[in-house]
Amino acid sequence: MWRAALGVLALVATSALAACGGGGGGSSDGSGNGSSMAMIAPVAYVKSAARKTAGVTSEHVALKGSAALNGQAVIVTGDGDFAQHSGSMHFDFNAGGLSGTIDATLDGTDLYLRSPLFTAALPPGKTWLKIDLTKVANANGVDLSTLISQDPSQTLARLRSISNVTELGTEQVGGVATTHYRGRVTKAAAAPAGVYDVWIGTDDSFVHRMKVASVIGPKQHVVTTVDLSDFGKTVTVDVPPASETYDATNLKIPGLTS
C-alpha cells in the first residue's frame, strides 16, 4: 500500500507546481486589455497571457488529472489556493484501484504531503512527508527555477515553449467568457512535450484553464487540466511544523527520483 501510494506523488507534485502561478508584481484586479491583446498572433497572445497570469498575487486552483503509468491507471482531482509560490491543495486519487486522499502544501521549493495511507510507515508523531524539490530536481538533472522563479515571465513556464497555436473558438469556463487555443510543445526543459490547450479570458486576458496531454515515456502518458480563478484573493498558507514532518527527499519515489 505504501509503495502504491508513493507512485502517485509524482503527479501530485507536478500538479502543485503547475498550479503555482502567483509571481507577484502584476495586476490582480481582473481588469485587462483582452480586446487589444487578442489582435496579435495567437502564439504571441498565449505567451503574453501566460506572463500576465503569472503576475497575479494569488489564485484558486482546481485540477483534474489522469495518467497511465506502466499499465497502472491513476486519476487525481483536487483544489486549493496559491499565493507567492506557496499554497495548499487537497487531492482525491485512485491509483490502480487504490483510492485515498492527499493534502499537499507547497512552501517555495518544499513540498509537504499528508495522507492516511502514509501513517503506518511514518515515525511516531510524524504526519507529513517533506520533499525538497530543488534537491530532487538537481539529482535528476531537472532545473526547477523556470517553474518557481520570482520573475513572472518564468512562472507558467510550460507555455513559454508553445508553438503552432491555433484559435478554436469561444467557450465558457467557470462562468467566464474565454477563447480556446491549442498548440504544441515539441521539446523544452521546462515543459513536457505534448498538446497544450489554453482558455484565455475574453475581457481580462488571464489564463483560466490549461489542459496538457503528454507522453512521458513508454506506456506512460498524462492528461492534466488546471482551472484558475479568484485572481488576487487573500490566501493564507499554514506550513506544517518541523515536529510533524519526515524528510522524504532521499526516498526512492517512482516518478520523482531515479
Side-chain angles (χ1 to χ4, degrees), residues 14-40 44-65 77-91 103-112 133 144-160 162 170-181 190-191 196-212 224-239:
T14 302
S15 303
L17 284 171
C20 184
S27 169
S28 60
D29 60 5
S31 62
N33 55 344
S35 59
S36 60
M37 288 177 63
M39 297 297 291
I40 62 179
Y45 180 46
V46 169
K47 292 181 179 182
S48 180
R51 288 193 297 270
K52 181 180 179 181
T53 309
V56 300
T57 56
S58 62
E59 65 279 306
H60 178 75
V61 178
L63 176 141
K64 297 179 181 178
T77 60
D79 70 290
D81 299 293
F82 282 81
Q84 301 294 330
H85 311 303
S86 296
S88 59
M89 295 188 73
H90 174 81
F91 296 92
D103 292 305
T105 297
L106 186 68
D107 181 32
T109 61
D110 290 330
L111 179 65
Y112 299 85
L133 295 174
L144 287 178
S145 63
T146 54
L147 292 175
I148 57 178
S149 171
Q150 292 295 324
D151 180 355
S153 66
Q154 297 295 321
T155 22
L156 282 153
R158 292 172 174 236
L159 296 180
R160 294 174 61 208
I162 197 169
T170 58
E171 299 177 28
Q172 292 282 319
V173 174
V176 176
T178 71
T179 302
H180 180 186
Y181 296 88
Y196 284 62
D197 285 82
V198 185
W199 287 258
I200 299 174
T202 303
D203 296 325
D204 60 20
S205 295
F206 286 142
V207 175
H208 286 265
R209 173 176 291 170
M210 183 169 72
K211 179 180 178 181
V212 181
T224 303
T225 302
V226 177
D227 284 4
L228 303 176
S229 61
D230 294 338
F231 299 106
K233 68 179 292 183
T234 300
V235 174
T236 300
V237 179
D238 295 321
V239 179

Verdict with reasoning, Ser88 to Phe82, per side chain to side chain contact (heavy atoms under 4.5 Å, CB included): CA-CA 7 Å; Ser88 59; Phe82 282 81; over 6 Å; no
Beyond-backbone contact of Asp197 with Tyr181, side-chain heavy atoms, under 4.5 angstrom: no
Ring-ring centroid check Trp199 His208, cutoff 6.0 Å: no
Side-chain heavy atoms of Thr53 within contact of Phe231, under 4.5 Å: yes
Heavy-atom side-chain contact between Thr105 and Asp238 under 4.5 Å: no
Any side-chain heavy-atom pair of Val239 and Tyr112 under 4.5 Å: yes
Side-chain touch Leu63/Thr224, heavy atoms, less than 4.5 angstrom: yes
From CG (Leu159) to CZ (Arg51), nearest 0.5 Å: 10.5 Å
Tyr45 versus Ser205, closest heavy-atom pair with distance: OH-OG, 3.5 Å
Check: Lys52 side chain, Lys47 main-chain N or O, donor-acceptor pair, under 3.5 Å: no
Geometric cation-pi criterion Lys211 and Tyr196, 6.0 Å radius, 45° cone: no
Non-hydrogen side-chain atoms of Asp107 and Ser86 separated by less than 4.5 Å: yes
Whether Lys64 side chain and Thr77 backbone form a donor-acceptor pair below 3.5 Å: no
Gap separating the CE atom of Met210 from the OG1 atom of Thr225, nearest 0.5 angstrom: 9.5 Å
Check: Ser58 side chain, Lys233 main-chain N or O, donor-acceptor pair, under 3.5 Å: yes
Worked verdict on Met89 versus Val61 for side chain to side chain contact (heavy atoms under 4.5 Å, CB included): CA-CA 8 Å; Met89 295 188 73; Val61 178; 3.8 Å; yes
Leu228 side chain reached by Arg209 side chain, heavy atoms, under 4.5 Å: no
Exam field: side chain His60 to backbone Gly80, donor-acceptor pair closer than 3.5 Å: yes
Heavy-atom side-chain contact between Ile200 and Val46 under 4.5 Å: yes
Heavy-atom pair of closest approach, residues Ala83 and Val235: CB-CB, 3.8 Å
Exam field: side chain Thr202 to backbone Ala177, donor-acceptor pair closer than 3.5 Å: yes
Atom pair CG (Asp227) and CD (Glu59), whose distance is rounded to the nearest 0.5 Å: 12.0 Å
